[in-house]
Amino acid sequence: MSNVEHDPAELRCGGVAIAAGRQYELLEPRTVPLGGPRAMMVGRTLPNRDRRMVGAWCFADFYGPADIAGAPGMQVPPHPHTGLQTVSWLLDGEVLHRDSLGSEQLVRPGELNLMTAGFGISHSEESPVGHGPVLHGVQLWVALPGDQCDVAPHFENHSDLPVLSTADGSVTVLMGALAGAESTARTYTPLVGADLSIAAGRTLRLPVEQEFEHAVLAVSDGVFVDDQPLARGNMLYLGRGRDELSVRGDGPARAMLLGGVPFEEELVMWWNFVGRSHDEVAQARAEWEHGRVAADADGRFGVVHGYGGPALPAPELPNVELRARGRMRRPS
């Protein structure tokens with residue numbers, strides 16, 4: 001997934017509330033274009049002006065359900081990444097992934113596409129020819145820690161993720177572990193990512209790690225977290241220290257649970273790069289532009305074969321130095 005904004009900005013959160021000693025911080029999405037001249041619009045809740053990360057989760061896009069019958073659907077040309085993992089998760093539809101390692105993988109609901117960029121990779125994502133009429137899903141990024149941010153790039157597809165089912169609903173564990181179920185997806189920091197499917201009028205109660213901070217992203221209407229209503233596309237940050245999470249559905253409801261140990265390193269996040277300094281990001285941009293123009297298959301980001309269009313050019317760097325930032329905004 002690419003961030004194609006030419007002047008990335010962050011959104012102020014919707015405020016912090018305390019109820020029964022627990023923290024609730026509403027993160028409302030902003031609408032951004034995804035992927036070149038035929039861009040579809042998505043809602044982005046992370047990064048946010050005041051709350052930039054949840055654990056190592058540093059980017060969250062939500063889209064759909066979108067009617068793409070007779071339309072191109074998702075069309076994200078080849079673009080680069082560094083210093084992160086991309087997490088592709090669908091609730092409806094299908095997306096074809098291609099990358100510069102030669103991977104070609106169609107992802108469907110219930111399957112996880114996980115790409116670790118490390119030192120550098122490029123990929124494309126598109127609705128395939130003959131795609132279905134609806135596209136609905138999330139795209140997430142996980143920041144890699146400093147001692148692993150330059151690992152060799154690799155790609156994983158997981159079609160047999162652990163699922164916990166009760167009369168109240170089901171939980172699919174994408175990454176990390178939850179309630180005794182553990183995903184085999186590779187992680188580099190302690191974290192959890194899970195899809196929550198809540199039965200109509202029921203409540204899922206889940207044990208969670210007290211040392212983690214957590215957030216819930218509503219991907220349907222009718223989601224309540226500890227009886228706090230959460231509109232579709234919004235995220236509720238829940239802080240640390242809790243050992244149980246309660247999520248209710250007015251009707252059949254879906255939500256994503258994200259959590260992890262607070263990520264204490266300061267990061268530069270610009271366009272599709274995660275780094276530690278302005279110079280590091282500027283170097284990645286220069287190498288992408290050189291390789292893109294020269295179609296250098298042996299360069300840092302390689303070449304994506306099979307996509308029917310040109311790669312995305314990088315936006316110009318701002319006229320000021322990019323600053324490393326922490327997981328939340330410092331008080332003024």
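Hydrogens, waters and symmetry mates play no part in the numbers below; they use all other heavy atoms, side chains included. What you see is a predicted model; the values in this text were computed from it and never measured.
- With no hydrogens or angles considered, a side-chain donor-acceptor pair links Thr184 and His158 at under 3.5 Å.
- Cation-pi check for Arg98 over Tyr307 is not met; the charged atom does not lie both under 6.0 angstrom from the ring centroid and within 45 degrees of its normal.
- A donor-acceptor contact shorter than 3.5 Å links the side chain of Arg240 to the backbone of Glu211.
- The CG atom of Asp243 lies 5.0 Å from the CD atom of Gln210; values are rounded to the nearest 0.5 Å.
- Judged by a 6.0 Å distance limit and a 45° cone about the ring axis, Arg248 is positioned over the six-membered ring of Phe224.
- Scanning all heavy atoms of the two residues, the minimum distance from Pro310 to Pro78 falls at O-CD, 4.0 Å.
- The closest donor-acceptor contact from the side chain of Gln75 to the backbone of Pro72 lies under 3.5 Å.
- In this structure, the side chain of Thr31 does not engage the main chain of Gly43 through any donor-acceptor pair within 3.5 Å.
- Listed for the Glu111 side chain is no donor-acceptor partner under 3.5 Å among the backbone atoms of Trp89.
- The hydrophobic cluster containing Val303 does not contain Leu312, counting ILVMFWY residues as joined when their side-chain heavy atoms lie under 4.5 angstrom apart, directly or transitively.
- Gln105 contributes atom CD, which lies 8.0 Å from atom OG of Ser159 (distance to the nearest 0.5 angstrom).
- Not one N or O on the side chain of Thr187 forms a donor-acceptor pair closer than 3.5 Å with the backbone of Gly176.
- The main-chain N or O of Ala69 is found under 3.5 Å from a side-chain atom of Asp67 such that the two form a donor-acceptor pair.
- For His81 and Trp141, the gap between ring centers is short of 6.0 Å.
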**OP:** Check the pair Val173, Leu161 against side chain to side chain contact (heavy atoms under 4.5 Å, CB included), reporting the backbone distance first and the verdict last.
**Re:** CA-CA 6 Å; Val173 183; Leu161 296 166; over 6 Å; no

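- Nearest heavy-atom pair, Glu209 versus His214, reported as atom, atom and distance to 0.1 Å: O-CE1, 3.2 Å.
- If you chain together hydrophobic residues whose side chains sit under 4.5 Å apart, Leu144 and Leu112 never meet in one group.
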**OP:** Go through the steps to decide whether Tyr63 and Met41 satisfy the test side chain to side chain contact (heavy atoms under 4.5 Å, CB included), and finish with yes or no.
**Re:** CA-CA 7 Å; Tyr63 51 91; Met41 304 304 289; over 6 Å; no

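- Using a 30° and 60° split on the angle between ring planes, Trp271 and Phe273 fall in the perpendicular class, above 60°.
- Between Glu266 and Arg276 there is no salt bridge, since no side-chain N of the basic residue sits under 4.0 Å from a carboxylate O of the acidic one.
- Judged by distance alone, with hydrogens and angles left aside, the side-chain atoms of Trp57 form no donor-acceptor pair with the main-chain N or O of Gly193 at under 3.5 Å.
- Pairing each heavy atom of Thr45 with each of Glu28, the nearest pair is CG2-C, 4.2 Å.
- Nearest heavy atom pair, residue Gly137 against residue Leu91, reads CA-CD1, 3.9 Å.
- One N or O on the side chain of His278 and one on the backbone of Leu322 form a donor-acceptor pair closer than 3.5 Å.
- Looking only at atom types and distance, the side chain of Gln139 has a donor-acceptor partner in the side chain of Ser88 under 3.5 Å away.
- With values rounded to the nearest 0.5 angstrom, Arg202 atom CZ is found 7.5 Å from Thr166 atom OG1.
- Rounding to the nearest 0.5 Å gives a distance of 8.0 Å between CZ of Phe263 and SG of Cys58.
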Subject >> Working for side chain to side chain contact (heavy atoms under 4.5 Å, CB included), residues Met175 and Leu114 >> reply: CA-CA 10 Å; Met175 298 179 70; Leu114 176 64; 4.1 Å; yes

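- Note on Leu204 and Leu245: same hydrophobic cluster, where clusters join Ile, Leu, Val, Met, Phe, Trp and Tyr whose side-chain heavy atoms are under 4.5 Å apart, directly or indirectly.
- Leu96 is not listed as a side-chain neighbour of His131, based on a closest heavy-atom distance of 4.5 Å or more.
- For Asp160, the CG atom sits in a loose shell: 12 or fewer heavy atoms of surrounding residues, nucleotides or ligands are nearer than 6.0 Å.
- Looking at Asp99, its side chain does come within 3.5 Å of a backbone N or O of Ser103 through a donor-acceptor pair.
- When side chains are defined from C-beta on, Glu265 counts as touching Pro145, because their heavy atoms get closer than 4.5 Å.
- The OG atom of Ser183 sits 11.5 Å away from the CG atom of Leu178 when rounded to the nearest 0.5 Å.
- Side chains of Glu213 and Tyr237: a donor-acceptor N/O pair is present below 3.5 angstrom, by distance only.
- Atoms CG and CG, from Leu26 and Leu236 in turn, are 6.5 Å apart once rounded to the nearest 0.5 Å.
- Looking at heavy atoms from C-beta onward, Val281 lies out of side-chain contact with Asp279 at the 4.5 angstrom threshold.
- Side chains of Tyr24 and Asp226: a donor on one and an acceptor on the other come within 3.5 Å.
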Original post:
Passes side chain to side chain contact (heavy atoms under 4.5 Å, CB included), Phe59 versus Leu140? Steps please.
Top reply: CA-CA 5 Å; Phe59 182 96; Leu140 310 164; over 6 Å; no

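- Exactly one residue among Leu164, Val171, Thr172 makes a side chain to side chain contact (heavy atoms under 4.5 Å, CB included) with Leu196. That residue is Val171.
- At least one donor-acceptor pair under 3.5 Å links the side chain of Arg300 to the backbone N or O of Phe119.
- Follow the hydrophobic side-chain contacts under 4.5 Å out from Val107 and you reach Ile68 in the same cluster.
- The cluster map of Ile, Leu, Val, Met, Phe, Trp and Tyr, joined by side-chain heavy atoms under 4.5 Å apart, puts Met115 and Val95 in different clusters.
- Ion pairing between a basic and an acidic side chain is recognised when a charged N comes within 4.0 Å of a carboxylate O; Arg285 and Glu316 show such pairing.
- Leu230 and Val216 get closest at one heavy-atom pair: CD2-O, 3.4 Å.
- Here the closest non-hydrogen pair linking Pro29 and Asn234 is CD-OD1, 2.9 Å.
- For Phe62 and His136, the ring centers are positioned less than 6.0 Å apart.
- Contact check for Ser124 versus Pro77: no side-chain heavy atoms found under the 4.5 Å cut-off.
- Checked against a 6.0 Å centroid threshold, the rings of His97 and Phe155 count as neighbours.
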